[in-house]
Amino acid sequence: MLLKQLTGLFFAGALTFSAAAADISIRIAPPRARVERRTSSPGRNYVWVSGYQRWDGHGYDWSPGRWEQRPRPNARWQSHKWKHQRDGWVLVEGHWR
């Protein structure tokens, strides 16, 4: 029983560490977001997911916006955003709330 608990704690710690290590800090500030022209919504249950500047390892590349179906009623989309930290810029991924 104790061995199972220690193994569980080890893997939980490893997952926490890998999630924190996944943040990549970019020293170059992202360009401004582009002004996008939305197409007509494909249906009532769709939400516009705005485009954003993503880092491809060499520079920023625009990822265009799109219509996405809500995963559940009343779900809201939290847009991608770049957050300035001490070491540079970190992308906070968009997600459903």
Side-chain angles (χ1 to χ4, degrees):
M1 183 70 164
L2 180 61
L3 182 60
K4 284 184 181 180
Q5 289 175 338
L6 289 174
T7 304
L9 285 173
F10 172 76
F11 283 114
L15 287 173
T16 302
F17 176 74
S18 64
D23 286 343
I24 298 172
S25 182
I26 313 299
R27 293 194 185 273
I28 304 166
R32 290 183 184 207
R34 295 182 184 177
V35 176
E36 294 182 298
R37 183 179 223 156
R38 293 184 194 183
T39 58
S40 298
S41 172
R44 290 185 66 184
N45 200 31
Y46 285 80
V47 172
W48 178 254
V49 174
S50 299
Y52 66 101
Q53 298 285 355
R54 65 180 173 78
W55 182 258
D56 68 4
H58 303 287
Y60 287 97
D61 191 26
W62 181 252
S63 183
R66 65 194 180 281
W67 288 102
E68 222 175 87
Q69 204 165 17
R70 293 176 197 264
R72 60 193 173 280
N74 299 322
R76 292 186 163 196
W77 176 253
Q78 185 72 40
S79 297
H80 296 80
K81 63 181 173 184
W82 284 95
K83 188 175 180 182
H84 188 255
Q85 295 183 339
R86 185 171 35 115
D87 297 334
W89 295 86
V90 175
L91 177 64
V92 178
E93 295 282 342
H95 57 275
W96 289 100
R97 291 187 146 210

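Below, all heavy atoms of this structure are taken into account, side chains as well, without hydrogens, waters or symmetry copies.
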Quickly, which of W55, Y52, Y60 forms a ring pair (Phe, Tyr, Trp, His ring centres under 6.0 Å) with W82? Name it, please.
Y60
Residues sharing V90's hydrophobic cluster, by side-chain heavy-atom contacts under 4.5 Å among ILVMFWY, directly or via others?
none
About how many Å separate [atom2] of [Y] and [atom1] of [X], when rounded to the nearest 0.5 Å?
{"X": "S63", "Y": "H80", "atom1": "OG", "atom2": "NE2", "value": "7.0 Å"}
{"X": "Q69", "Y": "S41", "atom1": "CD", "atom2": "OG", "value": "10.0 Å"}
{"X": "D23", "Y": "E93", "atom1": "CG", "atom2": "CD", "value": "9.5 Å"}

Below 4.5 Å, heavy atoms only, C-beta onward: do [X] and [Y] meet side chain to side chain?
{"X": "W89", "Y": "K83", "value": "no"}
{"X": "R70", "Y": "W77", "value": "no"}
{"X": "S25", "Y": "Q85", "value": "no"}

Looking only at non-hydrogen atoms, find the nearest pair between Q53 and R32 and report the distance.
NE2-O, 3.3 Å
Work out which heavy atom in A75 is nearest to a heavy atom in P71; give both atom names and the distance.
CB-CD, 3.9 Å
Less than 3.5 Å apart, any donor N or O on the side chain of W67 or T39 sitting next to an acceptor on the other?
yes
In this structure, are over 12 heavy atoms from other groups packed under 6.0 Å from R76 atom CZ?
no
Please name all residues satisfying salt bridge (charged side-chain N to carboxylate O under 4.0 Å, His left out) with E68, sequence neighbours left out, ordered by chain then number.
R66
